[in-house]
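Worksheet for the structure shown next.
To find a chain, count down the sequence lines: A is the first, B the second, and so on, and within it residues start at 1.
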2 protein chains.
Amino acid sequence: MTPDHPDSDEIDLSAVLHALSDPQRRGIVAELAASEIPRPCGSFAPAITKSTRSHHFRVLREAGLVEQWMEGTSKMSRLRRDEVDARFPGLLDSVLRSVAVG
Amino acid sequence: MTPDHPDSDEIDLSAVLHALSDPQRRGIVAELAASEIPRPCGSFAPAITKSTRSHHFRVLREAGLVEQWMEGTSKMSRLRRDEVDARFPGLLDSVLRSVAVG
DNA sequence: CATAAAGTTCGATGATCGTCGTATCATGCG
DNA sequence: CGCATGATACGACGATCATCGAACTTTATG
């Protein structure tokens with residue numbers, strides 16, 4: 001796997017919770033969870049700048065929440081649901097359910 | 001309720017996740033969940049300073065995770081498990097289970 | 001090759017964070 | 001009252017954060 005993607009068993013709880021504590025990033029994760037088909041970064045959070053979005057994706061990737069790979073000129077993103085679930089069972093589900101609530 | 005304690009329906013997800021993203025605070029919450037009987041603040045996280053501990057408890061209280069009240073010269077703390085569960089079902093459980101993992 | 005599109009990188013800026021030490025406040029006890 | 005105890009308030013410090021704009025890289029396409 002490309003660099004900056006931690007292995008399943010190296011996903012850090014503090015990093016995950018910190019990554020999810022930002023509403024912008026939580027929105028990206030929620031969208032990613034809802035679509036299930038990989039999408040380019042640019043199709044998320046259109047209200048913010050390219051550089052800010054790039055920063056958010058880096059945080060998500062380094063926390064282990066998202067896998068990314070190049071496809072042409074686009075960088076695709078996928079939610080690492082299974083890996084996160086394997087490390088912290090139920091955490092992602094409860095957070096995603098909470099996003100819908102409040 | 002004393003000030004700085006948000007109502008159940010006002011508990012903010014970002015605040016909760018941010019509060020739980022700090023290992024020190026996560027340890028306090030885990031201890032609080034394990035004991036179930038209220039304990040004074042001073043009996044937690046003995047490695048850090050009083051003022052730092054006071055800061056952490058304020059973050060936890062303002063996030064809605066902990067309720068505090070005075071008892072003599074001690075300030076007691078209780079995990080607001082039911083209130084947090086009512087707002088974000090399963091979230092606290094999954095985080096506490098994750099604390100045990102890694 | 002030239003241009004366009006999609007992201008990254010690099011400061012920079014203002015805000016927030018975790019930690020500390022000291023001073024302060026409230027309560028209990030002699 | 002005077003003193004001890006438990007906790008908060010107030011700066012202060014370095015670190016990190018979210019955001020931005022401008023410059024750069026990479027890939028595709030004319």
Side-chain angles (χ1 to χ4, degrees), chain A residues 1-5 12-32 35 37-78, chain B residues 1-5 12-32 35 37-79 99:
Chain A
M1 194 178 293
T2 60
D4 287 345
H5 289 87
D12 179 55
L13 183 54
S14 292
V16 168
L17 293 176
H18 167 248
L20 292 173
S21 76
D22 183 90
Q24 215 73 256
R25 286 191 291 259
R26 219 159 46 226
I28 293 176
V29 169
E31 270 193 79
L32 227 29
S35 73
I37 40 174
R39 283 164 49 191
C41 295
S43 67
F44 295 91
I48 59 182
T49 314
K50 284 195 306 176
S51 52
T52 301
R53 186 167 35 229
S54 182
H55 161 69
H56 284 319
F57 270 101
R58 178 152 61 117
V59 173
L60 290 172
R61 175 175 11 103
E62 291 179 349
L65 286 165
V66 158
E67 181 191 346
Q68 296 188 285
W69 65 95
M70 289 302 291
E71 229 168 77
T73 86
S74 296
K75 181 169 261 184
M76 297 303 191
S77 296
R78 173 188 79 87
Chain B
M1 192 178 294
T2 59
D4 288 344
H5 288 87
D12 180 56
L13 184 54
S14 293
V16 168
L17 293 176
H18 167 248
L20 292 174
S21 77
D22 182 87
Q24 216 71 260
R25 287 191 290 260
R26 220 159 45 227
I28 293 177
V29 169
E31 271 193 76
L32 226 31
S35 72
I37 39 175
R39 284 163 50 190
C41 295
S43 69
F44 295 91
I48 60 181
T49 313
K50 283 198 304 178
S51 51
T52 300
R53 185 166 38 227
S54 183
H55 161 70
H56 284 318
F57 269 101
R58 180 152 61 116
V59 174
L60 291 172
R61 173 174 15 101
E62 290 179 350
L65 286 165
V66 157
E67 181 193 346
Q68 297 187 283
W69 65 94
M70 289 301 293
E71 230 168 77
T73 85
S74 295
K75 180 168 260 183
M76 297 303 191
S77 295
R78 172 187 81 85
L79 186 60
V99 170

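Contact detail for B/Phe44 and B/Arg53: the closest heavy-atom pair is O-NH1, 2.8 Å.
Between the CE atom of A/Met76 and the P atom of C/dT8 there is a distance of 13 Å, rounded to whole Å. Nucleotide C/dC17 holds its C1' atom 16 Å from the CZ atom of B/Arg26, rounded to whole Å. In this structure, NZ of A/Lys50 is placed 11 Å from P of D/dG21, rounded to the nearest angstrom. Taking atom CZ on B/Arg58 and atom P on D/dA9, their separation rounds to 6 Å, with Å as the unit. Going from atom CG of B/Asp4 over to atom P of D/dA7 covers 17 Å, rounded to whole Å. When the P atom of C/dT19 is taken as reference, atom CZ of B/Arg53 falls 12 Å away, rounded to whole Å. We find that CZ of B/Phe57 is positioned 18 Å from C1' of C/dC17, with the value rounded to whole Å. For A/Gln68 and C/dA6, the CD to P distance is 16 Å, given to the nearest whole Å.
With a 4.5 Å cut-off on side-chain heavy atoms, A/Cys41 and A/Ser77 count as touching. Side chains of B/Pro23 and A/Ser14 form a contact here, defined as non-hydrogen atoms less than 4.5 Å apart. Counting only heavy atoms from C-beta outward, the side chains of A/Gln68 and A/His5 approach each other to under 4.5 Å.
Within the 4.0 Å cut-off from OP1 or OP2 of D/dC20, at least one side-chain nitrogen or oxygen of A/Thr52 is found. The phosphate of C/dG7 (OP1 or OP2) has no side-chain N or O of A/Ser54 nearer than 4.0 angstrom. Here A/His55 does not reach the OP1 or OP2 of C/dT9: none of its side-chain N or O atoms lies under 4.0 Å away.
Each of A/Gly72 and B/Ser74 was matched to the nucleotide of DNA chain D holding its nearest heavy atom; the match closer to the 5' end belongs to B/Ser74.
Among the nucleotides D/dT19, C/dA6, C/dT19, the one closest to the side chain of B/His56 is C/dT19. When distances are taken from the side chain of B/Thr73 to each of D/dA28, D/dC20, C/dG28, the shortest belongs to C/dG28. Ranking D/dA9, C/dG7, D/dC17 by closeness to the A/His18 side chain, first place goes to D/dC17. The side chain of B/Lys75 sits closest to D/dA7 out of C/dT19, D/dA7, D/dC20. Minimum atom distance to the side chain of B/Ser51 is reached by D/dA9, of the listed D/dA18, D/dA9, D/dA7.
In summary, the side chains of B/Glu71 and B/Trp69 do present a donor paired with an acceptor at a separation below 3.5 Å, with no hydrogens or angles considered.
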